[in-house]
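Remarks on the structure that follows.
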Amino acid sequence: MHLLLVPADDDAVRLARLDAHGVLLGEPWQLGREDLPAAVAGLERDEAPRWVWDTTSDLYSALLQAGTRLARCHDISLARTVLRFSTLVQDPDYARFALDVTGSAEYPVSDAVEPEQRQESLFEAPRSHRSLEEVRQEFAAQLKAVETSRAPARLRLLLAAESAAALVAAEMRFLGVPWDQAVHRELLEEALGPEPAPGRRPALMEDLVVRLRELLRAPRLNPDSPQELLKTLHRNGIEVKTTRQWELKSSDHPAIEPLLEYKKLSRLHTANGWTWLDAWIRDGRFRPDYVVGGVVTGRWSSRGGGALQIPRSVRRAARALPGWKLLVADASQVEPRILAAMSADEGMARAARGQDLYAEIADAGFGGSRSSAKIALLGAMYGSTTGESARLMPQLKKLYPRAIALVEEAARTGERGGAVSTWLGRSTPPPGPDWDAAQRTQSQEEQRRADAWARARGRFTRNFVVQGTAAEWAECWLAGIRSRLAGLPLPDGAEAASPTGPAELVFFLHDEIMIHAPEELMPRCVEAVESAAREAGTLLFGRAPVDFPLTVAVVDSYDQAK
DNA sequence: CCACACAGCGCG
DNA sequence: AAAGCGCGCTGTGTGG
């Protein structure tokens, strides 16, 4: 049973029951927004439907705030993103449909919401009002596209995982990562000195600027300007082409050390300093926006607060509340394990049935050198053509012919301008206008540029199949964790404070999750995380030929994990 | 004045 | 020691 939910004008929401093909069952009805949460909670309890809507965050955030958690949904926007390019889809009607909905859209369009638009209003304003019938038709078209596709089961799994991920993302934003302001301020003062007036440099950075100006004989130097800095370095005989850290390290000039120190502090101050704290931490929680499928490969991206780039140096401030713990679980070496499973390379799968895949590969063919094995394999997945990884490639290819053939075929397809797909059927968007232009070039210079472009596209498609399938595994893992946590009992004497239950799934970073929960619940959480990982492997690859081992830590603060 | 590209660096 | 893939954010610099 499906329940379709479509925002209408004048503060109302329209609902309709749909059958398994998206056909209306009975008459649609309408509810005022203020009545919606209670009505939805009742329907969820009595009918346990799959909720169908265009965009999860538009409606679900408000439901959560009203205390309602939902078990499952179908996110039409996320499904559209997958289906419009998936090479598994054969239905010509759907392609036309998706084109209509997305507007122009021969090429992907960004549907980013402006920050001002996504403020804390009770309901997120939908970008455009489509009628219930229009939305229903798109949903029905999606169901048909899946059922008539080359691999319905795979696409069904992918869309279910995406929709579950959308629920998780909204819940994570609702809950937030527990963040200790005092600890964060302490660590900032320790590194930078007392909080400066707005627009001023912190004291310890200012000291470094004074030293740098003396050492480089440049009394007005602004080290934040790469151009200025480069010129100044040259005047002092430091012959670097850029001002990047690793290049600066090649010089032993006395100014280099304070310069690197300045860059480190500057990064902390500008990216995660006092301004960041004031902007992003409220009520002791960090609540960024997660964008499911925000990356072409299917990974999540985030908006605000640099949520997926929290540097190690500030992770101390992510702390469990008293009596609670953080569970941080990290899936080890996901991408090479995914490659082994996808390619059904028996040798590599053997290496992937254990805790340390790189060590196994090292023993199998790199004289026990783990670092060589790792460099070779990463190079194969990223398309490295130079240095050590290129030198090791022939050996890797001899050891694991099928695995290497898979990524090389993906690269060749990309170089020709073709599309490649993940295991569950997310495909690369078409190359874009500059590809067509490059095809028609005449001059030698233009031809060289076109070749370079083709190689870059090949590296992209080569990596896409692996990174994208790893993202699918991770979303299945996430969905499995979510449903298991929902089934956990309340600890003795505890109140059901949160609609998402006693254990809070608060953070997700590509192959890593964080749960915030009462200490006595932690053994159950660990079990949930581990069994969900096993299940994800089976969901994708059947009787899973490879393992997906986890590193699990139960800690008080994020920095204590790994 | 705003919009955008780039450099640089954080994360996986 | 980085490179080869994917991102977001900040400050600087440029062009309208």
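Quick note on labels: first sequence line is chain A, next is B, and so on, each numbered from 1.
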Does anything in [range] pair up under side-chain hydrogen bond (donor to acceptor under 3.5 Å, both in side chains), and if so which pairs, sequence neighbours excluded?
range: residues 239-255 of chain A; value: Thr242(A)-Glu247(A)
range: residues 229-238 of chain A; value: none
range: residues 269-279 of chain A; value: Arg185(A)-Asp278(A)
range: residues 386-396 of chain A; value: Ser384(A)-Ser389(A)

Find every protein N or O atom lying less than 3.5 Å from an N or O atom of nucleotides 4-6 of chain B, and list the pairs.
none

Heavy atom of residues 203-218 of chain A under 4.0 Å from DNA chain B: which residues?
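Residues of residues 203-218 of chain A under 4.0 Å from DNA chain B: none.
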Of all of residues 394-408 of chain A, which get a heavy atom below 4.0 angstrom from DNA chain B, listed by number?
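Hits under 4.0 Å, by residue number: none.
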5' to 3' contact window, DNA chain C with chain A (heavy-atom distance under 4.0 Å)
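Contact boundaries, 5' end first: dA2(C) to dG13(C).
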Syn-anti status, with the boundary at 90° from 0, for the nucleotide dG11(C):
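Here the answer is anti: the torsion falls beyond 90° from 0.
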Describe the nucleic acid contact of Glu335(A) in one word from base, sugar-phosphate, nothing, applying a heavy-atom distance below 4.0 Å.
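No contact.
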Just checking Arg299(A): base, sugar-phosphate only, or nothing, at a heavy-atom cut-off of under 4.0 Å?
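Counting heavy atoms under 4.0 Å across all strands, the contact made by Arg299(A) includes a base.
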Pairing annotation in dot-bracket form, given for DNA chain C with Watson-Crick or G-U pairs under 3.5 Å and | for cross-strand partners:
....||||||||||||
Any pair with a residue in residues 410-432 of chain A that passes ring-ring contact (aromatic ring centres under 6.0 Å, His included), sequence neighbours left out, goes on the list, sorted by first then second residue, please.
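For residues 410-432 of chain A: Trp423(A)-Phe541(A).
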What's the [atom1]-[atom2] distance between [X] and [N], to the nearest Å?
X: Gln333(A); N: dG12(B); atom1: CD; atom2: C1'; answer: 14 Å
X: Glu247(A); N: dG8(B); atom1: CD; atom2: C1'; answer: 12 Å
X: Leu550(A); N: dG12(B); atom1: CG; atom2: C1'; answer: 16 Å

Interface with DNA chain C, restricted to residues 255-274 of chain A and to heavy atoms under 4.0 Å
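Heavy-atom cutoff 4.0 Å gives Arg267(A), Thr270(A).
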Check: Arg319(A) main-chain N/O paired with Asp180(A) side-chain donor or acceptor under 3.5 Å
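It does not hold such a pair.
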List in chain and number order the residues that pass side chain to side chain contact (heavy atoms under 4.5 Å, CB included) with Lys374(A), two or more places apart in sequence or in another chain; answer none if no residue qualifies.
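Lys374(A) satisfies side chain to side chain contact (heavy atoms under 4.5 Å, CB included) with Tyr358(A), Arg370(A), Leu378(A) only.
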